[in-house]
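Note on naming: letters A, B, ... go to the chains in the order of the sequence lines (proteins, then strands), and numbering restarts at 1 for each one. All figures in this text were calculated on a predicted structure; none of them were measured in a lab.
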2 protein chains.
Amino acid sequence: MADPIPFARMPLFRGIDAEVLDALRQAATPQHLRKGEFLFRRGEACQGLYVVVEGLVKLALPTAPASERTLERAIEVFGPGAIFGEDALFLDAPQVADCQAQARTTVLHVSKLALWGAVERDPLVSTQLLRNLSGRLHTLMRDIEAVSLQNALQRVASFLHEQAQAGRRTWLACTQRVIASKLGVTPETLSRVMSRFSAQKLVKLERGKIFLLDAEGLARQVAASNER
Amino acid sequence: MADPIPFARMPLFRGIDAEVLDALRQAATPQHLRKGEFLFRRGEACQGLYVVVEGLVKLALPTAPASERTLERAIEVFGPGAIFGEDALFLDAPQVADCQAQARTTVLHVSKLALWGAVERDPLVSTQLLRNLSGRLHTLMRDIEAVSLQNALQRVASFLHEQAQAGRRTWLACTQRVIASKLGVTPETLSRVMSRFSAQKLVKLERGKIFLLDAEGLARQVAASNER
DNA sequence: CGCTAAGTTGAAAGAAGTCAATGAAAGTGG
DNA sequence: CCACTTTCATTGACTTCTTTCAACTTAGCG
């Protein structure tokens, strides 16, 4: 029987004992979300680990309930194959962020208990989890760096440059609103920066899609505003 | 023989098998740092885990080499008993931050290898490491929240409030420069905010020392500027 | 006793956010 | 299939917050 959810191919589970993997797979339950629906919210207890099968989810810090204007801060956006929620697996702490579907999405839920069982049966599981968490930690540190050491123009430029490095010449997975939130700027500011880049022929804008024309030039933007 | 370095009392090693603990202790080597000395720098390979025995170290993102003005971003400041460097243990990635002693400091170095050995011998070690890393991740998320969702006044207020929660009525461990860097503002801005709080009798300033007078009032500051 | 680093304070510039209006696109329901 | 509604993106004017630059004070230390 083909594996509809290729656990074995996910970096987190690479090299894990087949039997343990099977147990995990059987413990996993699919969950469907409509666009805009919340998988969990800040303050709720952690239920386990999630794997995105299809669609897109956004992990974001909710705005303060008091403030009317909805300014929020996206931590990360996860597409198919991505894993999230692993940070709270071993912590008796509530979720710190909201998780909301950005489109019709299917995720796979793996309960804490199943994970704990896997950890006990194959020590490699915890090693992989450690590796995974460390990576997330480093990413977050870089994000902090970006937010506090760079201005809006630099942030947008390095974000686009990263995307180019990652091999995509077009970026269309989510709205500019979400990108803005991930970069910690308002949609208005992002729009202004983008049109500037567009004028410099670094990118081409077309109804929500962004074409990356000149990765080199974007990299220069990051350095340029630094030395000024 | 008394344990000069109380591994057993550190949260990270709570409950670990005594034998494993002993092995770790023997693998640990003390390292002395003068004020201003670097333990490691961004880009270097990770050497293992560190425990602060005495003194104070600062983990900070270095400023871009090009820019003259030395604006850096402190991630965390660690005092006696604190553990750091655990994020790179299982990752073949270079350090993302600089680590610099803020005073005459002694740290204990535990090599990767020793840690790996401990993980193999007692699975509880990895569980504890996971717990530790998760906590760090959550802290960082909160930091991102603070930086991108709050203004300088709110950030300072919530920082001071946290300190009050943590039980200290006086804060003098490090210079205002470092606090400013941790909060992502310039020393000038911090000074202005502090003198404002001082005028409101929320804190009392005295040659570098900060006395927390009114934790409640500080908490109100955070909320107040939100709803405005 | 001067030297250096840290903190304070003022004035001015700059970056980004807010508010508001408009246009375009996409989804919805009859 | 079309009219309607809602959401998203764009643009301009204005405001606010923070940094920058500079001068000055104070404290610590050889």
Side-chain angles (χ1 to χ4, degrees), chain A residues 34-36 58 63-64 67-74 100 102-104 146-157 171-181 183-199 203-210 221 224-226 228, chain B residues 34-36 58 63 67-73 102-104 146-157 171-181 183-199 203-210 221 224-228:
Chain A
R34 283 186 300 276
K35 176 177 178 177
K58 179 187 67 179
T63 177
S67 100
E68 268 307 302
R69 190 167 163 77
T70 326
L71 180 65
E72 59 163 27
R73 186 57 162 72
Q100 189 184 26
Q102 295 303 106
R104 170 182 294 274
V147 171
S148 53
L149 257 36
Q150 301 184 320
N151 60 28
L153 197 138
Q154 289 174 295
R155 270 178 288 184
V156 177
W171 173 268
L172 70 168
C174 51
T175 67
Q176 288 202 27
R177 238 187 173 62
V178 176
I179 298 179
S181 156
L183 297 178
V185 298
T186 57
E188 288 97 327
T189 301
L190 178 64
S191 177
R192 284 183 243 269
V193 172
M194 289 303 290
S195 59
R196 215 170 127 178
F197 285 166
S198 178
V203 304
K204 190 150 80 82
L205 298 173
E206 195 176 293
R207 59 174 86 281
K209 290 193 192 73
I210 300 168
Q221 285 294 326
S225 25
N226 238 344
R228 179 181 43 85
Chain B
R34 283 187 300 276
K35 176 176 177 178
K58 178 187 69 179
T63 176
S67 100
E68 268 308 301
R69 191 166 163 75
T70 328
L71 181 65
E72 60 163 26
R73 187 57 161 73
Q102 295 303 106
R104 172 182 293 274
V147 171
S148 54
L149 256 37
Q150 301 184 321
N151 59 28
L153 198 139
Q154 289 174 296
R155 272 182 295 200
V156 176
W171 173 267
L172 71 169
C174 51
T175 67
Q176 289 201 28
R177 235 183 176 66
V178 176
I179 299 179
S181 156
L183 297 178
V185 297
T186 57
E188 290 98 325
T189 302
L190 178 63
S191 175
R192 283 182 243 270
V193 172
M194 290 302 291
S195 60
R196 215 170 127 177
F197 284 166
S198 177
V203 304
K204 190 149 79 84
L205 299 174
E206 194 176 294
R207 60 178 82 282
K209 292 194 191 72
I210 300 168
Q221 285 294 328
S225 25
N226 239 341
E227 72 200 18
R228 178 184 45 86

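Residues B:Arg73 and B:Gly184 approach most closely at NE-CA, 3.4 Å, considering heavy atoms. Of all heavy-atom pairs spanning A:Ala74 and A:Ser181, the tightest one is N-OG, 2.7 Å. Minimum interatomic distance between B:Val185 and B:Ala152 (heavy atoms only, all atoms of both residues): CG1-CB, 3.9 Å. Closest of all the heavy-atom pairs between B:Ser191 and B:Gln176 is CA-OE1, 4.5 Å.
Per the geometry, CD belonging to A:Gln102 stands 13 Å off C1' belonging to D:dT7, to the nearest Å. Counting to the nearest Å, the P atom of D:dT19 and the CZ atom of B:Arg73 are 11 Å from each other. Distance B:Lys209 NZ to D:dT26 P: 18 Å, rounded to the nearest Å. Whole-Å rounding puts the B:Gln154 CD to D:dC17 P distance at 11 Å. As a whole-Å value, the separation of A:Arg34 CZ from C:dG27 P is 17 Å. Rounding to whole angstrom units, CD of residue A:Gln150 and C1' of C:dA16 are separated by 16 Å. The CG atom of B:Asn151 sits 11 Å away from the P atom of D:dT19 (whole-angstrom rounding).
Residues passing the salt bridge (Lys or Arg N to Asp or Glu O under 4.0 Å) test with A:Lys204, sequence neighbours excluded: A:Glu206. B:Ser198 pairs by the side-chain contact (heavy atoms from CB on, under 4.5 Å) definition with B:Val203, B:Leu205, not counting sequence neighbours. Looking at residues two or more places apart in sequence or on another chain, you find a side-chain contact (heavy atoms from CB on, under 4.5 Å) between B:Val178 and B:Lys58, B:Val77, B:Gln102, B:Cys174, B:Thr175.
A distance-only check finds a donor-acceptor pair linking the side chain of A:Arg155 to the backbone of A:Leu183 [under 3.5 Å].
At a threshold of 4.0 angstrom between heavy atoms, the contacts of B:Gly184 are confined to the sugar-phosphate backbone, with no base atom among them.
Each end of the helix from C:dC1-D:dG30 to C:dG30-D:dC1 gets its own axis, taken as the rotation carrying the C1' atoms of four end pairs onto the next four within a five-pair window, and the two axes meet at 50° to the nearest 10 degrees.
Here the CD1 atom belonging to B:Ile179 is positioned 12.5 Å from the CZ atom belonging to B:Arg177, to the nearest 0.5 angstrom. With values rounded to the nearest 0.5 angstrom, B:Leu153 atom CG is found 11.0 Å from B:Met194 atom CE.
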Practice task
Starting at the 5' end of nucleotides 3-13 of chain C, put B wherever the base has a protein heavy atom under 4.0 Å, S where only the sugar-phosphate does, and a dash everywhere else.
Solution key: ----SSBBB--

Please list, for nucleotides 28-30 of chain D, all pairs of protein and nucleotide N/O atoms separated by less than 3.5 Å.
none

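Between B:Val156 and B:Gln221 there is no side-chain heavy-atom pair separated by less than 4.5 Å.
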